[in-house]
Engineer: 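Have a look at this one before I ask anything.
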Protein chains: 2
Amino acid sequence: MGKRKPEFEALNRNCPIRDVLDRLGDRWTVLVLMTLGEQTLRFSALRREIEDISPRMLAQTLRHLEKDGLVSRQVYPTVPPRVEYRMTPLGHSFFDPLQHLIQWADEHHEQVRQAREAYVAPESHEAL
Amino acid sequence: MGKRKPEFEALNRNCPIRDVLDRLGDRWTVLVLMTLGEQTLRFSALRREIEDISPRMLAQTLRHLEKDGLVSRQVYPTVPPRVEYRMTPLGHSFFDPLQHLIQWADEHHEQVRQAREAYVAPESHEAL
DNA sequence: CAGGATCCAGGCAGATACTG
DNA sequence: CAGTATCTGCCTGGATCCTG
């Protein structure tokens, strides 16, 4: 393999880059990040914004993001409890590439939809 | 676009944007796209580059990408068979935002690693 | 209010074997 | 070579109930 950007090589197997990207794999991470955005939001506020997320998944996703240093969690020892989430500087730095992704999806989802509709599978007995 | 990016609203629930982004969810899509890059590659070549992918997963991932119109598949009716994969123009348009992502991961994975190491979970009996 | 604990189903993905 | 078929484990994520 010839002249390839160095990042490409790094993508193979044991590289930490893949490790980071894999986090996007789950269903909610991107959504939570985008919802959080520049704001500071409480747990219940996030639940309201992402209507179809369960408390379990929201908590889990927030833990992961917190663990990775993208989101910070602030607890106010009041009654009733109040917990606020916001992005860390590291989280904000991720916001930019994420927006490119959203923008692409926004601009091209129609093309993708059409491609899916027009698609016919290559000869085979059964679908995968 | 204004201050409050309209795409954010669109992310909720039934939006096609989420539908497109979800494709990144699986473990191999991004990897295949990055490996393909500007090149035209055969099935076996892709297998060699992505060492730890099974033929099943490679085929499935390629089908999805083909269905979404990001990758084109060309069959040469020779013996032995020869099938080449390359990105479509739509696929190439996706390449750009993807690179931003890779670049971010490349630049920040060390910070993420450190954050993970330093992280201590909030009070609880057991981990999730 | 902000989650944790538990149970459970469905899909993703691995391993293996096989074919045109 | 370029896949497919099948079996199966595992993990993700949903639903529900519970608590400080």
Side-chain angles (χ1 to χ4, degrees), chain A residues 13 18-19 21-32 35-36 40-67 71-86 120-128, chain B residues 13 18-19 21-32 35-36 40-67 71-86 120-128:
Chain A
R13 283 239 293 248
R18 233 172 101 169
D19 198 44
L21 264 346
D22 277 354
R23 277 269 160 269
L24 302 183
D26 64 86
R27 191 171 163 191
W28 301 110
T29 298
V30 170
L31 211 50
V32 167
T35 304
L36 213 46
T40 295
L41 290 177
R42 303 178 59 172
F43 190 87
S44 50
L46 281 165
R47 280 193 70 180
R48 251 176 283 116
E49 301 252 355
I50 311 171
E51 299 177 17
D52 51 345
I53 196 173
S54 67
R56 173 172 142 74
M57 280 302 105
L58 181 54
Q60 193 175 95
T61 305
L62 286 168
R63 282 301 158 281
H64 283 153
L65 288 171
E66 199 193 347
K67 182 171 182 180
V71 161
S72 71
R73 175 174 182 269
Q74 180 154 12
V75 183
Y76 298 89
T78 58
V79 177
R82 173 191 186 85
V83 181
E84 288 182 350
Y85 294 91
R86 74 179 64 178
V120 283
E123 291 301 296
S124 160
H125 306 293
E126 212 61 43
L128 284 168
Chain B
R13 283 243 293 250
R18 234 174 100 169
D19 198 44
L21 264 347
D22 278 354
R23 278 268 161 270
L24 302 183
D26 63 87
R27 191 172 162 188
W28 300 110
T29 297
V30 169
L31 212 51
V32 168
T35 305
L36 215 45
T40 295
L41 289 177
R42 304 178 58 172
F43 190 87
S44 51
L46 280 165
R47 280 194 70 180
R48 251 176 283 115
E49 301 252 357
I50 311 171
E51 298 175 18
D52 51 346
I53 195 173
S54 68
R56 173 172 144 74
M57 280 301 105
L58 181 54
Q60 192 175 97
T61 305
L62 286 169
R63 282 302 158 279
H64 283 153
L65 289 171
E66 199 194 347
K67 182 170 182 180
V71 161
S72 72
R73 174 174 181 268
Q74 180 153 13
V75 183
Y76 299 90
T78 59
V79 177
R82 174 190 186 84
V83 181
E84 289 182 350
Y85 293 91
R86 75 178 64 176
V120 283
E123 290 303 296
S124 159
H125 306 295
E126 213 62 43
L128 285 167

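We name chains A, B, ... by the order of the sequence lines, and we start the count at 1 in each one. Keep in mind it's a predicted model, so treat the numbers as computed, not measured.
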Engineer: Partners of Gln74(B) by side chain to side chain contact (heavy atoms under 4.5 Å, CB included), sequence neighbours excluded?
Structural biologist: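 For Gln74(B), the residues satisfying side chain to side chain contact (heavy atoms under 4.5 Å, CB included) (neighbours in sequence not counted) are Tyr76(B), Arg86(B).
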Engineer: Can you name the closest pair of heavy atoms from Thr29(A) and Arg23(A) and give their distance?
Structural biologist: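 Looking at all heavy atoms of both residues, the closest pair is OG1-O, 3.3 Å.
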Engineer: Who pairs with Arg47(B) by side chain to side chain contact (heavy atoms under 4.5 Å, CB included), at least two apart in sequence or on another chain?
Structural biologist: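 In terms of side chain to side chain contact (heavy atoms under 4.5 Å, CB included), with neighbours along the sequence ignored, Arg47(B) is linked to Phe43(B), Pro55(B), Leu58(B).
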Engineer: Return the value, rounded to whole Å, for the distance between atom CZ of Arg27(A) and atom C1' of dG11(C).
Structural biologist: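 After rounding, the reported distance stands at 12 Å.
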Engineer: Take Arg63(B) and Gln60(B), measure what side chain to side chain contact (heavy atoms under 4.5 Å, CB included) needs, and give me the verdict at the end.
Structural biologist: CA-CA 5 Å; Arg63(B) 282 302 158 279; Gln60(B) 192 175 97; 5.7 Å; no
Engineer: Rounded to whole angstroms, how far apart are OH on Tyr85(B) and C1' on dC1(D)?
Structural biologist: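 Result: 11 Å.
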Engineer: At what distance, to the nearest 0.5 angstrom, does CD1 of Ile50(A) lie from CE of Met57(A)?
Structural biologist: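 Atom-to-atom, Ile50(A):CD1 and Met57(A):CE are 12.5 Å apart.
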Engineer: Choosing from dA2(C), dG3(D), dG14(C), which nucleotide comes nearest the side chain of Trp28(B)?
Structural biologist: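 For the Trp28(B) side chain, the nearest candidate turns out to be dG14(C).
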Engineer: Leu62(B) CG to dC1(D) P: how many Å, rounded?
Structural biologist: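 Distance, rounded to whole Å: 16 Å.
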Engineer: Going by the rule side chain to side chain contact (heavy atoms under 4.5 Å, CB included), which residues pair with Pro81(B) if we only count those two or more places apart in sequence or in a different chain?
Structural biologist: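 Pro81(B): no side chain to side chain contact (heavy atoms under 4.5 Å, CB included) contacts found.
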Engineer: Looking at Leu31(A) and Thr35(A), what are the two nearest heavy atoms and their distance?
Structural biologist: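 Reported closest heavy-atom pair: O-OG1, 2.7 Å.
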Engineer: Say you draw a straight line from NZ of Lys67(B) to CZ of Arg73(B); how long is it, rounded to the nearest 0.5 Å?
Structural biologist: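 The distance works out to 15.0 Å.
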Engineer: Base, sugar-phosphate, or nothing: which does Tyr76(A) touch, judged by heavy atoms less than 4.0 Å apart?
Structural biologist: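 No contact.
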Engineer: Evaluate side chain to side chain contact (heavy atoms under 4.5 Å, CB included) for Trp28(A) paired with Leu62(A), printing each intermediate quantity in order.
Structural biologist: CA-CA 9 Å; Trp28(A) 301 110; Leu62(A) 286 168; over 6 Å; no
Engineer: Expressed in angstrom and rounded to an integer, what is the separation of Ile50(B) atom CD1 from dG14(C) atom P?
Structural biologist: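 In whole Å, dG14(C) P lies 12 Å from Ile50(B) CD1.
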Engineer: Taking CD1 from Ile53(A) and P from dG3(C), how many angstroms apart are they, rounded to a whole number?
Structural biologist: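 Rounded to the whole Å, the gap is 12 Å.
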Engineer: With a cut-off of less than 4.0 Å, is there a side-chain N or O of Arg82(A) near OP1 or OP2 of dA2(C)?
Structural biologist: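 Result: no.
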Engineer: I need the minimum non-hydrogen distance between Pro80(B) and Thr78(B), along with the two atoms involved.
Structural biologist: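 What the structure gives for the nearest pair is O-OG1, 2.8 Å.
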Engineer: I'd like to compare against my own output: the B/S/- annotation of nucleotides 15-20 of chain D with a strict under-4.0 Å heavy-atom distance to protein.
Structural biologist: B----B
Engineer: Between atom CD in Glu66(A) and atom C1' in dA2(C), what is the gap in whole Å?
Structural biologist: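 Atom CD in Glu66(A) sits about 13 Å away from atom C1' in dA2(C).
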Engineer: Apply the test side chain to side chain contact (heavy atoms under 4.5 Å, CB included) to residues Arg42(B) and Arg48(B): give CA-CA distance (whole Å), side-chain angles for both, the deciding distance (0.1 Å), then the verdict.
Structural biologist: CA-CA 10 Å; Arg42(B) 304 178 58 172; Arg48(B) 251 176 283 115; over 6 Å; no
Engineer: Rounded to whole angstrom units, what separation is found between the CD atom of Gln60(B) and the P atom of dT6(D)?
Structural biologist: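 Computing the Gln60(B):CD to dT6(D):P distance gives 15 Å.
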Engineer: Arg47(B) side chain N/O closer than 4.0 Å to the phosphate oxygens (OP1, OP2) of dA2(D)?
Structural biologist: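 Checking dA2(D) against Arg47(B), no side-chain N or O comes under 4.0 Å of OP1 or OP2.
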Engineer: Write down the distance between CE (Met57(B)) and P (dG14(C)), rounded to a whole number of angstrom.
Structural biologist: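 It is 6 Å, rounded to the nearest whole Å.
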Engineer: Using five pairs at either end of the helix from dC1(C)-dG20(D) to dG20(C)-dC1(D), determine the angle between the two local helix axes and round it to 10 degrees.
Structural biologist: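 That helix has its two terminal axes inclined by roughly 50°.
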Engineer: Pick out the pairs of N or O atoms, protein on one side and nucleotides 9-11 of chain D on the other, that lie under 3.5 Å.
Structural biologist:
none

Engineer: For the pair Asp19(B) and Leu21(B), evaluate side chain to side chain contact (heavy atoms under 4.5 Å, CB included) and give the outcome as yes or no after the intermediate values.
Structural biologist: CA-CA 6 Å; Asp19(B) 198 44; Leu21(B) 264 347; over 6 Å; no
